[in-house]
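Notes follow the structure.
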Amino acid sequence: MKVTEVVLRQMKMKMKSPFTTSFGTFQDKEFLLLEARDETGLCGWGESVAFHSPWYNEETLKTNWHMLEDFIIPNLLKKEIEHPDDVSEVLSYIRKNNMAKSTIEGAIWDLYAKQKGIPLAKALGGSANQIEVGISIGIQNTIEDLLRLIEEYVNEGYKRMKVKIKPGWDVEVMREVRKHFPNIPLMADANSAYRLKDISLLKQLDEFNLMMIEQPLASDDIIDHAILQKEINTPICLDESIHSYEDARKAIELGSCKIINIKIGRVGGLTEAKRIHDLCLEHHIPVWCGGMLEAGIGRAHNIALTTLSNFVMPGDTAASSRYWEEDLIDPAVEVENGMIIVPEKPGIGYAPNLETIKKFTVYEKTYS
């Protein structure tokens, strides 16, 4: 396969409501969309999950554009590629910049699956025809607001609730949630807001029978997490600390976690995500697919990845309508009773809506 043309677009879409984590609050989602075309006219699509500011990791929308334009696209344009797995090897000389790499790698995976006439899920080796999904709930103004949202999502059938926490919005909040919803699958996401000195506080979360606490300590840490995991009963799930197969291997060997969240952009693409999945399966570490507030293209890639066998916990791939008045794909991603039906059409299985894409495009550039 050969990519003969790439279109890179800067997008801006307003979310239905503001989203708040321990990092901050935002409502306008800016991101990059990449379209890769082959000599036959087929198109593959990828979405960058880097935010406008470097609060999740060091990457941003602007650094992704720079890396794609100046290094990544020139290295892949018009190059013969036997399989999407080759993209990781071609780009291996570039240190980090995983979200930038993932943007074009996802498009090439989509293109490859379309060339083969098979769904992306099947191209990845997935077998599930439907996936369970949960929902991620940002920090709210009041506990009452949070409880109201959880009630709404429980009634919609979502299989798991993830509640963002931070110092001052943690133990008492989870206590109230458990009081009102004693039996729902529930987890807490700390987004690196705590330190080892907070062990006594984090131990208090054990009483709430949580599925996990996600990334409680520093975003680049696997040592302190191993210490913490020995002190608490709640399983630790690592997110920001896992950027590669090697990170996952070391975390497993150290006992830093009992669960791993796999985000395609964070680990550099679908190929590396598959490798981490297979490693975790071998070591009996369950995985799930985290979300980065993706629009439809990124959401479709998450759905395909989640069909792999060790994705045994509900992911964050909620319905399009959870975040957007209009999404970029037809049909929009829909959730029924906490389940998403995996599309059977070739590639990502959803058709990019070019009219809607044009509507939300701030700037675009073509490379050929």
### Query
Is the side chain of Ser48 donor-acceptor paired with the backbone N or O of Thr103 at a distance under 3.5 Å, no angle test?
no

### Message
To the closest 0.5 Å, what do you measure between CD (Glu30) and CE (Met13)?
### Response
12.5 Å

### Query
Should we say atom CD of Glu80 is surrounded by more than 12 heavy atoms from elsewhere, each under 6.0 Å from it?
yes

### Task
Would you confirm whether Glu272, through its side chain, and Tyr245, through its main-chain N or O, come within 3.5 Å as a donor-acceptor pair?
yes

### Message
Quick check: do Phe311 and Ile262 have side-chain heavy atoms less than 4.5 Å from each other?
### Response
yes

### Between Glu59 and Asn98: side-chain donor-acceptor atoms closer than 3.5 Å
no

### Message
Tell me whether Glu253 is salt-bridged to Lys250, with the criterion being a basic N under 4.0 Å from an acidic carboxylate O.
### Response
no

### Query
Counting distance only, does the side-chain N/O of Glu364 pair as donor-acceptor with the main-chain N or O of Val7 below 3.5 Å?
no

### Message
Looking at Arg37 and Glu35, is there a salt bridge between them, counting it only when a charged N and a carboxylate O are closer than 4.0 Å?
### Response
yes

### Message
Looking at Asp86 and Glu82, would you say the former's side chain and the latter's main chain have a donor-acceptor pair under 3.5 Å?
### Response
yes

### Message
Using side-chain heavy atoms (C-beta onward) and a distance below 4.5 Å, is Asp247 in contact with Ile222?
### Response
no

### Summary
Rounding to 0.5 Å, atoms CG (Leu76) and CG (Leu91) come to a distance of 5.0 Å

### Message
Side chains of Asp38 and Tyr112 only: does a donor on one sit below 3.5 Å from an acceptor on the other?
### Response
no

### Task
Taking the side chain as every heavy atom from C-beta outward, state whether Asn261 and Arg266 have any pair of such atoms under 4.5 Å apart.
yes

### Query
Is the closest basic N to carboxylate O distance between Arg148 and Glu151 below 4.0 Å?
no

### Query
Quick one: are Ile135 and Lys162 in side-chain contact, heavy atoms under 4.5 Å?
no

### Query
Any side-chain heavy atom of Lys96 sitting closer than 4.5 Å to one from His243?
no

## Note on the structure
Between Val133 and Thr317 the two heavy atoms that sit nearest each other are CG1-O, 3.2 Å

#### Entry: Residue pair Lys166 / Asn191, side-chain donor-acceptor N/O under 3.5 Å
no

### Query
side-chain contact (heavy atoms from CB on, under 4.5 Å) with Ile165: which of Leu205, Ile139, Asp189?
Leu205

### Query
Given the side-chain rings of His83 and Trp109, with only the six-membered ring counted for Trp, is the space between their centroids under 6.0 Å?
yes

### Query
Does the side chain of Arg249 reach to within under 4.5 Å of the side chain of Ile252, using non-hydrogen atoms?
no

#### Entry: Intermediate values then yes/no, side-chain hydrogen bond (donor to acceptor under 3.5 Å, both in side chains), Asp239 and Tyr56
CA-CA 10 Å; Asp239 176 0; Tyr56 178 82; 2.7 Å; yes

### Atom pair CG (Leu8) and NZ (Lys365), whose distance is rounded to the nearest 0.5 Å
9.5 Å

### For Lys258 against Asn233, the heavy-atom pair lying closest together
NZ-O, 4.3 Å

### Query
What do you reckon, is CD of Glu344 surrounded by more than 12 foreign heavy atoms closer than 6.0 Å?
no

### Message
If I compare all heavy atoms of Ile94 with all of Met67, which pair ends up nearest, and what's the gap?
### Response
CG2-CE, 3.5 Å

### Shortest non-hydrogen contact between His225 and Gln215, atoms and distance
CE1-NE2, 3.4 Å

### Query
What do the steps show when you test Tyr350 against Trp45 for ring-ring contact (aromatic ring centres under 6.0 Å, His included), and what is the final call?
CA-CA 10 Å; Tyr350 297 89; Trp45 293 81; over 10 Å; no

### Query
Charged N to carboxylate O below 4.0 Å: is that the case for Glu39 and Lys2?
no

### Task
Specify whether Trp55 and Phe51 have parallel, tilted or perpendicular ring planes, treating 30° as the upper limit for parallel and 60° as the lower limit for perpendicular.
parallel

### Task
Check step by step if side chain to side chain contact (heavy atoms under 4.5 Å, CB included) holds for Leu42 and Leu111.
CA-CA 7 Å; Leu42 279 177; Leu111 184 58; 3.6 Å; yes

### Task
Identify whether NZ of Lys or CZ of Arg in Arg178 sits under 6.0 Å from the centre of the six-membered ring of Phe208 and within 45° of that ring's axis.
no

### Query
Once you round to the nearest 0.5 Å, how far does CG of Asn337 lie from CD of Glu132?
9.5 Å

### Query
Judged by modelled atom types alone, do Asp316 and Ser136 share a side-chain donor-acceptor pair under 3.5 Å?
no

### Message
For His52 together with Phe31, are the ring centres under 6.0 Å from each other?
### Response
no

#### Entry: Test item: Asp145 and Leu149 side chains (from C-beta on) under 4.5 Å apart, heavy atoms
no

### Message
Distance alone, cut at 3.5 Å: any donor-acceptor contact between the side chains of Tyr93 and Asn75?
### Response
yes

### Query
Got more than 12 heavy atoms from elsewhere within 6.0 Å of NZ, Lys78?
yes

### Query
How many angstroms lie between atom OG1 of Thr142 and atom CD of Glu176, to the nearest 0.5 angstrom?
11.5 Å

### Message
With a 3.5 Å distance limit and no angle check, can you tell me whether Glu294 reaches the backbone of Met292 through a side-chain donor-acceptor pair?
### Response
yes

### Task
Look at the side chain of Gln130 and the backbone N and O of Ile341, then say whether any donor-acceptor pair between them is shorter than 3.5 Å.
no

### Task
Give a yes or no answer on whether the side chain of His66 reaches the backbone of Lys62 with a donor-acceptor pair at less than 3.5 Å.
no

### Message
If we ignore hydrogens and angles and just use 3.5 Å, is the side chain of Gln229 paired with the main-chain N or O of Ile236 as donor and acceptor?
### Response
yes

### Message
Between Glu105 and Thr271, do the side chains contain a donor N or O and an acceptor N or O under 3.5 Å apart?
### Response
yes

### Task
Look at the side-chain heavy atoms of Ile, Leu, Val, Met, Phe, Trp and Tyr, link any pair under 4.5 Å apart, and say whether Val177 and Ile137 land in one connected group.
yes

### Query
Is the closest side-chain heavy-atom distance between Arg9 and Ile357 below 4.5 Å?
yes

### Query
Charged N to carboxylate O under 4.0 angstrom, Asp110 versus Lys114?
yes

### Query
For Arg160 and Met211, which heavy atoms make the closest approach, and how far apart are they?
CG-SD, 3.3 Å

### Task
For Arg95 and Ser92, indicate whether the former's side chain and the latter's backbone hold a donor-acceptor pair under 3.5 Å.
no

#### Entry: Which atom of Gly290 lies closest to which atom of Asn302, heavy atoms considered
O-ND2, 3.9 Å

#### Entry: salt_bridge(Lys14, Glu325) N-O dist < 4.0 Å
no

### Message
Does Leu305 form a side chain to side chain contact (heavy atoms under 4.5 Å, CB included) with Ile303? I'd like the steps, not just the answer.
### Response
CA-CA 6 Å; Leu305 179 67; Ile303 292 168; over 6 Å; no

### Task
Using a cut-off of 6.0 Å, state whether more than 12 heavy atoms not belonging to Glu152 lie near its atom CD.
yes

### Query
Are any side-chain N or O atoms of His301 and backbone N or O atoms of Gly106, one a donor and one an acceptor, separated by less than 3.5 Å?
yes

### Task
Taking the six-membered ring for Trp and the full ring for Phe, Tyr or His, determine whether the centres of Phe360 and Trp324 are under 6.0 Å apart.
no

### Geometric class of the Tyr158/Tyr153 ring pair [parallel <30°, tilted 30-60°, perpendicular >60°]
perpendicular

### Rounded distance (nearest 0.5 Å) linking atom SG of Cys237 with atom CG of Leu210
12.5 Å

### Donor on one side chain, acceptor on other, Asp221 and Ser241, under 3.5 Å
no

